[in-house]
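Only one structure is covered here, and it is reproduced in the block below.
All chains are named by letter (A, B, ...) in the order of the sequence lines, taking the proteins before the strands, and each is independently numbered beginning at 1.
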Amino acid sequence: MESSGDKPASEPELEDYGTLKYQLLGPSLTKAGQDSVDQQKVSEIIYNASKGSKFFSHEQDRDRNLTLKIERILKEKARLERLDLSHELRRADEYLAELELSRDLSQHIIHVDCDAFFAAVEELDRPELKTVPMAVGKGVLTTCNYLARNFGVRSGMASFVAKKLCPQLVLLPQNYEKYTAKAKEIRAIMAEYDPLFESASIDEAYLNITAFCDENQMEPAEAVQRMRAQILETTKVSVSAGIAVNAKIAKISSNINKPNGQFQVPNERQAIMEFMRDLPVRKVNGVGRVFERELQSIGVATCGDIYPNRALLTKLFGEKAFQFLAQCYLGLGRTKIEPVENHERKSVSTETTFHEIGDKEELRAKLWWAAQELEKDLTRTQFKGRTLALKVKLHTFEVLTRQTAPSRPVCIAKDLYTFALPMLAKLEKDIPGMKLRLLGLRCSNLVSTQKVGINFFGVFTQPKPTPEPSSESTPTEKADHEIDAEEAFESAARQEIQDEMNDLETLSQETPNVPVVREPEEPAVPEKSTSETVEPPPMWDCPICSRPQIADDRIFNEHMDFCLSRQTIREVVQDNTEEPTPSIPANSRKRKTPQTSPPETDPKQKRLFFQ
DNA sequence: GCGGATCAC
DNA sequence: TATGGTGATCCGC
């Protein structure tokens with residue numbers, strides 16, 4: 001969420017707190033300065049609340065590694081400084097000169113950021129919450145109101161830590177639909193100022209108001225003042241805004257007079273350079289806690305400090321980092337603002353955290369669950385993946401990823417599971433006694449499955465179940481999904497276009513399984529399709545009992561359903577309840593309905609089960 | 001291309 | 001007692 005205030009003077013002294021305690025304060029600290037908060041005290045409380053936990057040990061590890069890395073950076077810096085750097089210096093200056101030529105002062109870009117958005121929306125429904133410290137989010141806080149911030153509570157903070165800082169803190173669950181609806185109201189107003197505005201997240205947007213200002217003979221600050229008033233008036237949500245020559249400076253500026261304020265950096269080179277000169281590098285989007293420490297170690301605290309170090313940056317941090325920092329120093333940034341729909345999606349993923357699991361059956365159930373979730377997301381976004389990645393977080397909080405390139409693009413749960421399982425098995429083999437706290441799947445190298453369908457009247461239709469951006473797919477990609485016109489025509493008689501598309505989808509990718517069967521009498525895809533599968537795995541491991549099963553749909557499904565009910569019975573028995581076990585229909589896996597739930601072993605889910 | 005790491009929100 | 005999920009990018013190999 002957004003951060004608040006801009007008070008370089010109150011930044012904590014690293015030496016006083018130690019790097020670890022600084023790290024534990026969380027990512028939002030330096031972006032959001034806090035007045036009236038005793039940071040030292042807050043730091044102590046967080047430290048003590050975390051001490052001894054696995055999370056803490058992991059943070060300690062990371063901190064140690066970063067400290068070592070910084071030692072290497074300093075050694076390298078010392079080595080470089082004994083050399084002749086005139087070549088590096090000239091190269092840096094040439095690049096700066098080149099950048100300077102590209103400077104464009106003609107645009108008025110604004111960044112709009114809602115103030116404590118989720119909390120603000122909740123306060124609209126329940127005004128009494130305005131007078132108490134309140135936060136939104138379970139486990140980890142998504143955002144909190146300004147009263148809570150006075151206690152040192154922040155977004156991204158574990159809620160039990162927040163409770164230590166502020167025992168009277170009111171915690172609300174997230175209600176995403178509510179926030180989305182409110183965001184839509186706000187966006188409708190922003191569209192009046194720039195119809196091609198760019199949503200950066202649910203509560204942030206960039207607008208290019210150059211044209212609006214020209215057409216209405218208005219100064220940017222005046223236009224923004226008007227827009228903010230209009231948003232507050234009609235949606236009752238206050239927003240802050242930054243006005244500048246580009247997105248980078250606008251973003252920084254929107255934080256300066258937050259909440260309910262705005263700040264402008266004039267479109268003049270001199271003013272921009274002065275603004276950047278004293279700006280802590282951490283304020284720039286893209287500089288996080290790690291890079292901040294690395295830069296600080298070589299004496300770069302503000303963007304102005306970049307210039308005297310320009311000859312060293314490429315060698316120490318790489319070419320990209322140098323170019324990024326050069327642009328920070330000059331105050332350059334993008335002026336191209338465009339709707340997110342124009343952006344090409346690169347990946348689709350899902351992951352969940354759970355209580356520590358070491359049991360292989362349980363892990364397979366989690367993997368199966370993730371596969372089903374990912375299938376849903378891939379269906380919604382209309383993609384298949386050429387690459388599939390498994391992500392796990394060990395009980396120690398260490399994160400590992402393994403990826404594979406299936407023989408063809410995948411999007412069906414069973415395929416996702418089939419290709420992911422060997423990666424999980426290998427990890428289990430390589431890490432004896434592996435215990436996980438998170439498991440996730442990601443598809444990348446995406447292939448669009450958006451197709452032009454033909455309806456009953458022969459009219460082309462563009463199915464769009466969600467406003468998901470229709471990523472521009474290359475002609476080659478589209479060739480992957482040419483539809484069988486005959487089959488399309490037959491399907492056209494059906495009422496629901498979405499069903500039609502799903503069916504076509506299934507056929508087009510030659511998967512031996514029909515993911516969606518609405519009509520009970522609908523026959524399953526004939527067995528022959530199994531043989532059409534590219535590289536059909538001869539055996540599948542059951543996600544529940546992990547025993548290999550013949551790779552035949554009917555046999556596999558029956559076996560899995562049997563295992564599912566058995567698993568349920570066992571849990572019921574273990575839980576010592578006399579509640580009868582609901583039987584799972586044999587074909588339940590073939591219906592894309594909530595009852596497809598996997599053998600859930602989370603305590604929470606078990607409880608739900610018996611309610 | 002893969003895996004680790006960082007970053008934003 | 002207890003520390004999130006999604007997407008993107010960069011680096012070193």
Side-chain angles (χ1 to χ4, degrees), chain A residues 1-3 23-28 30-32 46 49-59 61-62 65-66 69 113-114 117-118 136-143 154-164 174 176 179 183 199-205 251 282 284-294 314 316-324 340 343-356 370 373-374 377 381 383 386-393 395-405 423 427 437-446 469 603:
Chain A
M1 303 303 297
E2 104 294 338
S3 38
Q23 187 85 2
L24 284 168
L25 283 172
S28 62
T30 37
K31 299 275 184 193
I46 297 175
S50 302
K51 207 163 46 182
S53 66
K54 288 175 177 175
F55 174 80
F56 181 89
S57 315
H58 184 250
E59 290 299 304
D61 275 0
R62 283 168 35 115
N65 287 336
L66 180 55
K69 186 178 174 192
D113 194 339
C114 301
F117 185 53
F118 293 0
V136 177
K138 282 197 153 65
V140 166
L141 306 185
T142 308
T143 191
R154 283 168 226 298
S155 67
M157 186 176 272
S159 43
F160 78 92
V161 174
K163 279 279 189 182
K164 283 226 162 69
Q174 286 196 42
Y176 220 78
Y179 314 143
S199 299
S201 72
I202 190 169
D203 73 328
E204 280 181 42
K251 165 78 180 165
R282 183 69 164 86
V284 182
N285 235 12
V287 180
R289 285 177 290 178
V290 172
F291 200 21
E292 178 192 31
R293 265 191 66 190
E294 292 175 359
T314 298
L316 293 180
F317 302 115
E319 185 62 21
K320 290 282 181 187
F322 162 71
Q323 292 178 356
F324 170 79
V340 275
H343 295 165
E344 192 190 359
R345 181 190 269 273
K346 303 267 174 59
S347 69
V348 181
S349 69
T350 179
E351 64 185 56
T352 9
T353 295
F354 35 74
H355 66 273
E356 281 177 19
E373 287 297 304
L374 188 53
D377 289 344
T381 55
F383 282 108
R386 287 204 191 92
T387 302
L388 175 65
L390 171 74
K391 172 179 174 178
V392 300
K393 197 186 276 180
H395 67 110
T396 57
F397 284 84
E398 188 186 355
V399 174
L400 303 172
T401 60
R402 294 292 180 269
Q403 67 181 50
T404 181
M423 297 191 279
L427 284 173
R437 73 186 322 277
L438 172 147
L439 187 149
L441 288 176
R442 183 180 72 245
C443 273
S444 52
N445 246 312
L446 298 181

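When distances run from any side-chain atom of A:Ser347 to the nucleotides C:dT6, C:dT3, C:dA8, the shortest one goes to C:dA8. Taking every side-chain heavy atom of A:Lys346 into account, C:dT9 is the closest of B:dC9, C:dT9, C:dG7. Side chain of A:Lys320, nearest nucleotide from B:dC9, C:dG4, C:dC11: C:dC11. Considering only side-chain atoms of A:Arg62, the nucleotide from C:dG5, B:dT6, C:dG7 that sits closest is B:dT6. Of the candidate nucleotides B:dA8, B:dC2, C:dG5, C:dG5 has the atom nearest to the side chain of A:Thr352. For A:Gln403, the listed nucleotide lying nearest its side chain is B:dG3; candidates were B:dG3, B:dC9, C:dG5. Counting only heavy atoms from C-beta on, A:Lys393 has its side chain closest to C:dG4 among B:dA8, B:dC9, C:dG4.
Here the closest heavy-atom approach between residue A:Leu439 and residue A:Ala370 is recorded as CD2-CB, 4.0 Å. When every heavy atom of A:Ala49 is checked against every heavy atom of A:Lys164, the shortest pair comes out as CB-CD, 4.0 Å.
In this structure, A:Met157 places its CE atom 18 Å from P of B:dC9, rounding to the nearest Å. If you take CG of A:Asp377 and P of C:dT6, they are 7 Å apart, rounded to a whole angstrom. The nearest whole Å value for the distance from the NZ atom in A:Lys391 to the P atom in C:dT6 is 9 Å. A straight line from CD of A:Glu294 to C1' of C:dC11 spans 12 Å, rounded to a whole angstrom. For the pair A:Tyr176 OH and C:dG5 P, the interatomic distance rounds to 14 Å; values are reported in whole Å. The distance between atom CG of A:Leu400 and atom P of B:dA5, rounded to the nearest whole Å, is 9 Å. Atom-to-atom, CG of A:Leu446 to P of C:dT6 comes out at 15 Å; the value is rounded to the nearest Å. For the pair A:Phe397 CZ and B:dA5 P, the interatomic distance rounds to 16 Å; values are reported in whole Å.
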Any chance you could lay out the side-chain contact (heavy atoms from CB on, under 4.5 Å) test for A:Glu294 and A:Lys69, step after step, and finish with the verdict? CA-CA 8 Å; A:Glu294 292 175 359; A:Lys69 186 178 174 192; 2.9 Å; yes
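A:Ser53 comes within 4.0 angstrom of a nucleotide base, judged by non-hydrogen atoms across all strands. A:Phe291 comes within 4.0 angstrom of the backbone, heavy atoms only, and of no base. Nucleic acid contact class of A:Arg402 (heavy atoms, under 4.0 Å, all strands): sugar-phosphate only.
Summary of the strand contacts: A:Lys251 and A:Thr401 both lie near DNA chain B, and taking for each the nucleotide with the nearest heavy atom, the more 5' one is attributed to A:Thr401. Where A:Arg437 and A:Ser349 each meet DNA chain C at their nearest nucleotide, the meeting point lying more 5' is that of A:Arg437. Nearest-nucleotide positions on DNA chain C place A:Glu351 closer to the 5' end than the other of A:Glu351 and A:Gly318.
Here A:Asn65 does not reach the OP1 or OP2 of B:dG4: none of its side-chain N or O atoms lies under 4.0 Å away. For C:dG7, one of the phosphate oxygens OP1 or OP2 lies less than 4.0 angstrom from a side-chain nitrogen or oxygen of A:Arg345. A sub-4.0 Å separation between OP1 or OP2 of C:dA2 and a side-chain N or O of A:Ser159 is absent.
Judged by distance alone with a 3.5 Å cut-off, no donor-acceptor contact links the side chain of A:Thr353 to the base of C:dT3.
Between the side chain of A:Ser159 and the main chain of A:Gly139, a donor-acceptor pair closer than 3.5 Å is present. In this structure, the side chain of A:Arg442 does not engage the main chain of A:Lys391 through any donor-acceptor pair within 3.5 Å.
Taking atom C1' on both C:dG4 and B:dC7, the two are 15 Å apart, rounded to the nearest angstrom.
Note that CG of A:Leu441 and CD of A:Glu351 are 10.0 Å apart. Values are rounded to the nearest 0.5 Å.
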